[in-house]
Amino acid sequence: MSSKFVVSVRNSDLAQCLKQLSAFDGKSRLGVEQAMANAVRRIKSGAVRRVAVASGRLKKSIRSSFSKPKLLGIVRARAPHAHLVEFGAKGAIEKPKRKKALRLAVADGYKYIRRAKIPERKSRPFIMPAYEAEKGKLIADVKAVIRKGS
């Protein structure tokens, strides 16, 4: 199992603005880089505010980064259960591969069970809502920088 999960989001308005960016000067490019870097930090902050907290491990694992040459921002959660919280999981019935693998403690010792039912877990998204809340401001900021530069 991987130690991180990635959600890729495409936005046509933002992609169109960035295509026009190559026609502008370096000052406009710096302005767009700054606007996008700020948006990535705000998305990370929003994800940290929205995440469900039991032990705090998931909240502490949320990280962000921004690549200026690629104009690519990444907000990710490195906790191994992050994708289960973000997207939820179906219920399952697990059967042991070895005969006495599922041992259950009871009052007078141990009881071995043939199967265990794992309940369904509802999704409690935190990264996508943070992005959705920030998307409008990000697009407006990038458009303003490009308008100012032209």
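Values below: every heavy atom of this structure, side chains too, minus hydrogens, waters and symmetry copies.
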Close side-chain approach of Arg76 and Ser65, heavy atoms under 4.5 Å: yes
Heavy-atom closest pair, residues Ala105 and Tyr110: CA-CD2, 3.8 Å
Correct closest heavy-atom pair for Arg121 and Lys90 would be NH2-O, 4.2 Å
If you take all heavy atoms of Val40 and Gly73, which pair is closest and at what distance? CG2-CA, 3.5 Å
Let me confirm one number: the CZ-CD1 distance from Arg50 to Ile43, rounded to the nearest 0.5 Å. 10.0 Å
Please determine whether residues Ile74 and Val51 belong to a single hydrophobic cluster, defined as Ile, Leu, Val, Met, Phe, Trp and Tyr linked transitively by side-chain heavy-atom distances below 4.5 Å. no
Carefully, step by step, assess Arg49 and Ser45 under the rule side chain to side chain donor-acceptor pair (under 3.5 Å). CA-CA 6 Å; Arg49 278 194 316 271; Ser45 174; 3.1 Å; yes
So, for Pro96 and Ile113, which heavy atoms are closest and what is the spacing to 0.1 Å? CG-O, 4.4 Å
Check for me, please, whether Tyr112 and Ile93 land in the same ILVMFWY cluster - side-chain distances under 4.5 Å, paths through other members count. no
Look only at the side chain of Glu94 and the backbone of Leu102, and say whether a donor-acceptor pair between them is shorter than 3.5 Å. no
If you compare all heavy atoms of Ser61 against all heavy atoms of Ala79, which two are closest, and at what distance to 0.1 Å? OG-N, 3.2 Å
Give a yes or no on whether Ile118 and Leu104 share a hydrophobic cluster (residues Ile, Leu, Val, Met, Phe, Trp, Tyr; joining criterion: side-chain heavy atoms under 4.5 Å apart). no
Write down the atom of Ser123, the atom of Glu86, and the distance for their closest heavy-atom approach. CB-O, 3.5 Å
Interatomic distance, CZ@Arg114 vs NZ@Lys95, rounded to 0.5 Å, equals 10.0 Å
Do Val32 and Phe66 land in one hydrophobic cluster if side-chain heavy atoms of ILVMFWY residues count as linked below 4.5 Å? yes
Check whether more than 12 heavy atoms from other residues, nucleotides or ligands sit under 6.0 Å from atom CZ of Arg124, and answer yes or no. no
State plainly whether the residues Glu132 and Lys135 are in salt-bridge range, i.e. N to O under 4.0 Å. yes
Return the CZ to CZ distance between Arg57 and Arg78, rounded to the nearest 0.5 Å. 11.5 Å
What's the spacing between Met36 CE and Leu72 CG if we round to 0.5 Å? 7.5 Å
Could you measure the distance from the CD atom of Glu134 to the CD1 atom of Ile139? Nearest 0.5 Å is fine. 10.5 Å
